[in-house]
Amino acid sequence: MSNPKCEVLLSATQIAQRVKEMGEEISRDYAGKKLLLICVLKGAIIFASDLMRSLTIPVEIDFIAVSSYGADTSSSGVVRILKDLDQSIQGKDVLIVEDIVDTGLTLNYLRDTLLRRQPRSIRVATLLDKPSRRKVDFDPDYRGFVIPDHFVVGYGLDWNQRYRNLADICFIPDDNFR
Ligand code: 5GP
C-alpha cells in the first residue's frame, strides 16, 4: 500500500503506551465489575482491540455501526444506526469505544440513544479528541490524545476507506486530501 504524503502525528509506540495507560485506568475504575465494550465501526476497531487486551477486568465486546444522514447531519446531529448491537445492554456497565471525537455530534447522539436502553452505566473512551471542532458540549470520560484540527488517518482511521492499516496516526500537512 502506498503511504499518503503524510506526517506522523502519533507514532505506533506513543499510541501503544497511551492505550496501555488507558487500559490500566479503566481497569482500576471498573474493578470488581464486568465491562461491555461497544466498538463503533469501523474506525475504532484497532483501538478497541488493543484497549481490550490492556484491560485486566472481565470484558465483553459488541459492535455498532453508525452513519450520518448526509449534509444535514452536521447541524442536526442525527445519526443512523447501520448495524445495531447483538445484545441488550440493560443493567450493564457499558463503555463506548470510539476513534475520534470531532464535532461531538455522533457520540452525543449515540450516547443518548444507548442511554434509553437503560444500561447500569455508560461512559465513552476515545483515542483522539479535537476539542477545537466541537459543535455540542461533549466531554469523553477517557481520552487518549488531544490533537489539533487536522484530518488524520491510520490506526483504524480512514480516508475514503484507505489508510486504516497504517501503524502510526498521520496527517497531511495542508489537508489537501480531505
Ligand atoms: P463527530 O460526530 O464528532 O464530528 O465525528 C466523529 C466521526 O467523524 C469519527 O468517528 C470519524 O469517523 C470522523 N472523523 C472526524 N475527524 C476525523 C479525522 O480527522 N479523520 C478521520 N479519518 N475521521 C474523522
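Order of listing sets the numbers, starting from 1, for every ligand and every atom in it.
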The atoms of ligand 1 lying under 4.0 Å from a heavy atom of Thr106, numbered in the order shown, are 1 (P), 2 (O), 5 (O), 6 (C)
Kindly give the heavy-atom pair with the smallest separation between Val40 and Val66, and that separation in Å.
-> CG1-CG2, 4.1 Å
For Lys20, does the NZ atom have more than 12 heavy-atom neighbours from other residues, nucleotides or ligands under 6.0 Å away?
-> no
Starting at CD1 of Ile26, measure out to CD1 of Ile57 and round the result to the nearest 0.5 Å.
-> 8.0 Å
Heavy atom of the protein closest to atom 4 (O) of ligand 1 (residue, atom name, distance) = Thr103 OG1, 2.4 Å
Tell me: protein heavy atom nearest atom 12 (O) of ligand 1, and distance?
-> Asp99 OD2, 4.2 Å
So which heavy atom in the protein is nearest atom 20 (N) of ligand 1, and how far is it from that ligand atom?
-> Val152 O, 2.7 Å
Near Gly104, which atoms of ligand 1 are under 4.0 Å from a heavy atom of that residue?
-> 1 (P), 3 (O), 4 (O)
Ligand 1 and Trp159, any nitrogen or oxygen pair closer than 3.5 angstrom?
-> no
Under a 4.5 Å side-chain heavy-atom rule over Ile, Leu, Val, Met, Phe, Trp and Tyr, are Met22 and Val146 clustered together?
-> no
How far apart are the closest heavy atoms of Pro119 and Val94, and which atoms are they?
-> CB-CG2, 4.1 Å
Of the listed options Leu41, Asp149, Leu110, Asp102, closest to atom 15 (C) of ligand 1 (non-hydrogen atoms) | Asp102
Can you tell me the protein heavy atom closest to atom 22 (N) of ligand 1 and the distance?
-> Asp158 O, 2.7 Å
Ignoring hydrogens, tell whether any protein atom lies closer than 4.0 Å to atom 8 (O) of ligand 1; use the non-hydrogen atoms only.
-> no
Considering the heavy atoms of Leu157, write down every atom of ligand 1 situated less than 4.0 Å from one of them.
-> 21 (C), 22 (N), 23 (N)
A student comparing Leu9, Leu107, Ile100 should find that the heavy atom closest to atom 24 (C) of ligand 1 comes from Ile100
Residues Ser11 and Asp168: side-chain donor-acceptor under 3.5 angstrom | no
Sub-4.0 Å atoms of ligand 1 with respect to non-hydrogen atoms of Glu98 | 10 (O)
Counting each atom of ligand 1 from 1 as listed, which ones have a heavy atom of His150 under 4.0 Å away?
-> 19 (O)
Separation between CD1 of Ile147 and CG of Leu128, rounded to the nearest 0.5 Å | 4.5 Å
Examine Leu114 and Ile81 and state if one hydrophobic cluster contains both, with Ile, Leu, Val, Met, Phe, Trp and Tyr joined whenever side-chain heavy atoms are less than 4.5 Å apart.
-> yes
Got an N/O contact under 3.5 Å between Phe151 and ligand 1?
-> no
Polar contact flag, side-chain donor to acceptor under 3.5 angstrom, Tyr142-Asp29 = yes
Within a distance under 4.0 Å of any heavy atom of Lys130, pick out the atoms of ligand 1 and give their elements.
-> 16 (N), 17 (C), 18 (C), 19 (O)
When you look at Asp99 and Arg164, which way does the salt bridge (charged side-chain N to carboxylate O under 4.0 Å, His left out) test go after all the steps?
-> CA-CA 11 Å; Asp99 50 2; Arg164 293 191 198 276; 5.7 Å; no
